K.L.:
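Questions regarding the structure given below will be posed in turn.
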Amino acid sequence: MDSVLAARLARQRQRQRYRQRATTTGIGPRFRRDGGERLAFCSNDYLGLAGDPRLAEALTEGARRFGTGGGASHLVCGHSEAHERLESRLAELTGCSRALLFSSGYQANLGVISTLLGRRDVALHDRLNHASLLDATRLAGARLERFAHRDADDCGQRLATLAANRRTLVVSDGVFSMDGDVADLDDLAVQCERHRAWLMVDDAHGLGVLGDEGGGTRQAQGIAPCRIAVTVGTLGKALGTQGAFVAGSETLIDALIQFSRPYIYTTSLSPALAWATLTSLDIVRGEPERRSHLASLIAKFRREAAGLRELDLHLMPSPTPIQPLVVGPSWGRAPGEGRASERGGNEAAALALAAALQDAGTWCSAIRPPTVPEGTSRLRFTLSAAHTHDDLDRLLSVLFDAARRLSSGGPSA
Ligand SMILES: *Cc1c(COP(=O)(O)O)cnc(C)c1O
């Protein structure tokens, strides 16, 4: 076995796709790593709650009252009062009748799609949907089709060509994780209503961040909850804990409890974490200033980083804390390499820029194909309410320095 795997690993290295984990200590965004401080702009802790002492306190209290582990699946004896209360608060947050906890967003997506669809059915996805949604479609054995990114008309045209006797689930992220842009839920809902398809929205990056009360993309766009049959939200991003949930009608949740294998055959989410997440929800509702601070950081980043256009680095049009900066074609000549290299050139440039940011004590991720299309390698910055305006000034100064230095021919120039 090892020799087979070793060959695969070697190929991965050869293609420069071999990835490594960095071990951190401390609480984000100010991590320590490799002996130095790193100001991180790559986590999804959008409201800065993962390190909030009130959550640590609530987690301790939850552990004392309910135990650290659920001890069994929800249907056996792992469903505590902490879970029950959290489910009703999540239903309230999303405007749905009922919500059901899962241990992760990945699992929630597996659980809901494999329950709704079978081999005769179709899942019609936005082209940029999260990997877990695609994997869920495969688990269901359903036919996987895609529509053009954020293009509800294309979605409608594809719906029109599908046989009327097939069940069809239209699936979209609320906020797209690689581009930071937002689905237009009204347009999608109109198409689904016209063609009798079901609409599912995975709002992992919108929940807690968008909407006046942090109710997510749907709330921000003023859409009635009943127009979205299935909403998935995660607790590990803006809510600062871990786990996920599906929200929808009473009947949907009832069916998931009865039929969803990824729900049934797994130990319940830690009840201590469920208890702590109740405190997150209090903060999400009670401290809207976190969202307004985040909005001011986003506005400032976009205003100032727009100037990088002159160096052929391009901000994508994102209104959310996910801010991608695409490396333009002139960077196809890898830094330090005089000649134009093959199409991997701007991948190398994205890596070089990310490395330069790291050397200067900051941290963002370089995203390359196959995660994003060829020619759109990028630095992906994520902003958080835990960042100060000074933090952002520091990032911008380090970023402009690195970009100027590398664009003029590499570290030796
Ligand atoms: C992060 C994410 C998930 C997975 O959630 P986890 O709780 O981390 O497993 C699912 N969907 C989207 C869109 C995500 O961004």
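Throughout, residue positions are numbered sequentially from 1 according to the sequence presented. Below, all heavy atoms of this structure are taken into account, side chains as well, without hydrogens, waters or symmetry copies. Because the structure is a prediction, the values reported are computed rather than measured. Start at 1 and go down the list; that is how both ligands and their atoms are numbered.
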K.L.:
With rounding to the nearest 0.5 angstrom, report the CZ to OG distance, R291 to S296.
P.N.:
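It is 14.0 Å, given to the nearest 0.5 Å.
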
K.L.:
Are any of the protein's heavy atoms under 4.0 angstrom from atom 8 (O) of ligand 1, yes or no?
P.N.:
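Not a single protein heavy atom is under 4.0 Å away.
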
K.L.:
Taking the six-membered ring for Trp, are the ring centroids of H74 and Y263 within less than 6.0 Å of each other?
P.N.:
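Yes: the rings meet the under 6.0 Å criterion.
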
K.L.:
Consider every N or O of D173 and every N or O of ligand 1, then say whether any pair is closer than 3.5 Å.
P.N.:
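So ligand 1 has no N or O lying under 3.5 Å from an N or O of D173.
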
K.L.:
For a quick test of reading the model, state the closest non-hydrogen atom pair linking G215 to L207 and the distance between them.
P.N.:
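Heavy atoms only, the tightest pair is O-CD1, 4.0 Å.
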
K.L.:
Centroid separation under 6.0 Å, is that true for the rings of F381 and F301?
P.N.:
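Yes, the ring centres sit under 6.0 Å apart.
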
K.L.:
Pairs of nitrogen or oxygen atoms closer than 3.5 Å, one from G105 and one from ligand 1: do any exist?
P.N.:
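So ligand 1 has an N or O lying under 3.5 Å from an N or O of G105.
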
K.L.:
Is Q242 touching ligand 1 with its side chain, its backbone, both, or neither, if touching means heavy atoms under 4.0 Å apart?
P.N.:
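None of Q242 does.
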
K.L.:
Considering only non-hydrogen protein atoms, determine which one is nearest to atom 4 (C) of ligand 1 and report residue, atom name and distance to 0.1 Å.
P.N.:
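So the nearest neighbour among protein heavy atoms is Y106 N, 3.6 Å.
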
K.L.:
Report the nearest protein non-hydrogen atom to atom 1 (C) of ligand 1: residue, atom name, distance rounded to 0.1 Å.
P.N.:
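I find the closest protein heavy atom is K237 NZ, 1.5 Å.
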
K.L.:
In terms of relative ring orientation, are H293 and H389 parallel, tilted or perpendicular, with 30° and 60° separating the classes?
P.N.:
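It falls in the perpendicular class, over 60°.
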
K.L.:
Are the aromatic rings of H149 and F176 close, with centres under 6.0 Å apart?
P.N.:
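So the answer is yes for these two rings.
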
K.L.:
What are the atoms of ligand 1, with element, lying closer than 4.0 Å to any heavy atom of S132?
P.N.:
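The list of qualifying atoms is 10 (C), 11 (N).
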
K.L.:
Ignoring hydrogens, just give me the one of D203, N129, D202 whose non-hydrogen atom is nearest atom 12 (C) of ligand 1.
P.N.:
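Ranked by closest heavy atom to atom 12 (C) of ligand 1, first place is D202.
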
K.L.:
Looking only at distances, can you tell me whether any N or O atom of S177, backbone or side chain, sits closer than 3.5 Å to an N or O atom of ligand 1?
P.N.:
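No, there is no polar N/O contact under 3.5 Å.
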
